[in-house]
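Down below is the structure, laid out as structure tokens.
Positions are given from 1, in the same order as the sequence printed here.
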Amino acid sequence: MTIHQSIAARTLGVAVLLLTLGSAVYAAPRQSVPANVIQIAQAPDNKSGELQPRYQPVPPEEKSWYNDSYLFAATRGVAHSTMQPVAKVALYPLTVVFDVVLLPFAAIGGLFG
């Protein structure tokens, strides 16, 4: 048996296997709904005619009195930038040191920003 015949035999075997599995999935029994039945999910009856939401919306978060966007701003800026990952890795040690040195000023700046 040559290598081409071996490849052809394997391809034929895979095709037969896929057809068998496909027909088994296709022939699986399905639950069917009669054609004349239409199912619609409806909200409970509302006598007033007004539309009511199905759920209560999530209230927005309360605005904080402290602005933390100044803390580690340089490191966050590098993390969210579009530069190459290699450049980011090279800049992280520099920005972390820079942010740690300026941390007291950034913490105080958050009180007023």
* To do: Evaluate the side-chain proximity of N67 to F112: yes if any heavy-atom separation is below 4.5 Å, no if none is.
  =>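 F112 does not reach N67 side chain to side chain.
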
Hydrophobic cluster membership, with links at side-chain heavy-atom distances under 4.5 Å among I/L/V/M/F/W/Y: are [X] and [Y] in one?
| X | Y | result |
| --- | --- | --- |
| F105 | F72 | no |
| L71 | V101 | no |
| V86 | V78 | no |

* **Spacing of Y92 atom OH and D99 atom CG [to the nearest 0.5 Å]** =>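 So the OH of Y92 and the CG of D99 are separated by 11.5 Å.
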
* In Å, rounded to the nearest 0.5 Å, how long is the span from OG1 of T82 to NZ of K88? ->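 It comes to 7.5 Å.
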
* **Flag if over 12 foreign heavy atoms under 6.0 Å of CZ, F98** =>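 For F98, atom CZ is not crowded (no more than 12 foreign heavy atoms under 6.0 Å).
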
* **Shortest non-hydrogen contact between L91 and M83, atoms and distance** =>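 Scanning both residues completely, I find the closest heavy atoms to be CD1-SD, 3.7 Å.
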
* Donor-acceptor under 3.5 Å (Y66 side chain, A107 main chain) ->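 Side chain of Y66 to backbone of A107: a pair is present.
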
